[in-house]
Protein chains: 2
Amino acid sequence: MGGRFPIAIHILTLLSKAGDDLLSSDYIAGSININPALVRKEISNLRNRGLIISKEGKSGGYRLGKLPGQVTLADVYLAVKTQPVLGAAKNTPNPACPVGKQINKNIDKLYANLDKTLLEKLTTISIEDFSNQFD
Amino acid sequence: MGGRFPIAIHILTLLSKAGDDLLSSDYIAGSININPALVRKEISNLRNRGLIISKEGKSGGYRLGKLPGQVTLADVYLAVKTQPVLGAAKNTPNPACPVGKQINKNIDKLYANLDKTLLEKLTTISIEDFSNQFD
DNA sequence: CTTTACTGTAATATTTAGTATTACAGATGG
DNA sequence: CCATCTGTAATACTAAATATTACAGTAAAG
């Protein structure tokens, strides 16, 4: 899954604490300690989901697109997810084998099931909840 | 997470269906369509967990180490897990920032929480359950 | 007791995905 | 019109996953 989920959480936590103030990608990158362009790229993705609002030009920057209590970790998960949580095999199972022939379908079913469980949990936690853990 | 979880499930499903018969790494690799050495490597790991028993020498091979109903997907998950399901960031957050300073601890707490949720679910599904889905 | 068919494991190469960097056009406020 | 910011693409770099090869060790079978 890479590190995009924790990065996204970090970004949103900073914005949550900043309230209506706009934060720059440079500032955010300084807290996370990664490249500003990467911050902007991830924010571009989160913005497409309505989680962040951006303002261009001088004195531009970023703020949350919703109230911190209205942004759930499920939103974040869905925004950054590219692969199934338990991993995608890159093999092509043997279709001549009864197990090989059906395993992908059954793995998919399992993964949908697990995703549902995970999302139910993630929906109960907001960015506000998460950022309240900080001093 | 890579593809180790689905590969492990595939292996265990084949063994579950084979009952007391021993399957060779070549046969298993043929169903999954990956290299036999990789199969042996993953099985080596699963064997350390008691999920598989192996027999060396001519007419050697593999069979389940427990009844199919006694091997849960939680066992498999714990056997193959190397990274947190929602990903580990590889940055070092800025300790001079209040958020950066505490985020790793809070992410860890969150992950422990999510892992618990996931494991509870995975514990309810056995390899027998999974392999019964096949014709 | 030698041949054959397996496992166990390490060393190495290859591929792929993730991350980092650079660059620059576009927007906006001063 | 200059300074400071975002948006985005192109490219390079790094690290992790996977594949391949090789071979020693083990056990069955003749």
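Quick note on labels: first sequence line is chain A, next is B, and so on, each numbered from 1.
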DNA chain D-proximal residues of residues 44-55 of chain B, any heavy atom under 4.0 Å: B/K55
Test item: A/T72 and A/Y77 side chains (from C-beta on) under 4.5 Å apart, heavy atoms: no
B/K41 vs B/A37, nearer the 5' end of DNA chain D by closest nucleotide: B/K41
Heavy-atom check, side chain of A/F134 versus side chain of B/K101, under 4.5 Å: no
For A/P6, the option from B/L110, B/L86, B/I107 that meets side-chain contact (heavy atoms from CB on, under 4.5 Å): B/I107
Candidates C/dA20, D/dT20, D/dA17 - which lies nearest the side chain of B/T82: D/dA17
Nucleotide of C/dG8, C/dA20, D/dT8 approaching A/N35 most closely (side-chain heavy atoms): C/dA20
Strand-adjacent residues in residues 56-64 of chain A, judged by heavy atoms under 4.0 Å from DNA chain C: A/E56, A/G57, A/K58, A/S59
Minimum side-chain heavy-atom gap B/Y111-A/F5 below 4.5 Å: yes
Euclidean distance, atom CG of residue B/L22 to atom P of D/dA28 [Å, nearest integer]: 11 Å
B/R4 CZ to D/dA16 C1', straight-line distance once rounded to whole Å: 12 Å
Check: B/R49 and B/D75 side chains under 4.5 Å, non-hydrogen atoms: no
CG on B/L122 to CG on A/N113, rounded to 0.5 Å: 9.5 Å
Separation of C/dA20 C1' from A/R40 CZ (nearest whole Å): 13 Å
Protein-nucleotide distance (B/E42, atom CD; C/dT9, atom C1'), rounded to Å: 14 Å
Contact summary for B/H10 and A/P93, nearest pair of heavy atoms: CE1-CB, 4.0 Å
Euclidean distance, atom CG of residue A/N91 to atom C1' of C/dT16 [Å, nearest integer]: 15 Å
From CD1 (B/I52) to CD1 (B/I43), nearest 0.5 Å: 4.5 Å
Length of the OH-C1' vector between B/Y27 and C/dT7, whole Å: 19 Å
Pairwise side-chain contact, A/S16 with A/L64, heavy-atom cut-off 4.5 Å (strictly under): yes
B/K90 side-chain proximity, nearest of C/dT21, C/dT19, D/dC5: C/dT19
A/Q83 CD - C/dT16 P separation (whole Å): 14 Å
Spacing between A/F5 atom CZ and C/dG18 atom P, to the nearest angstrom: 16 Å
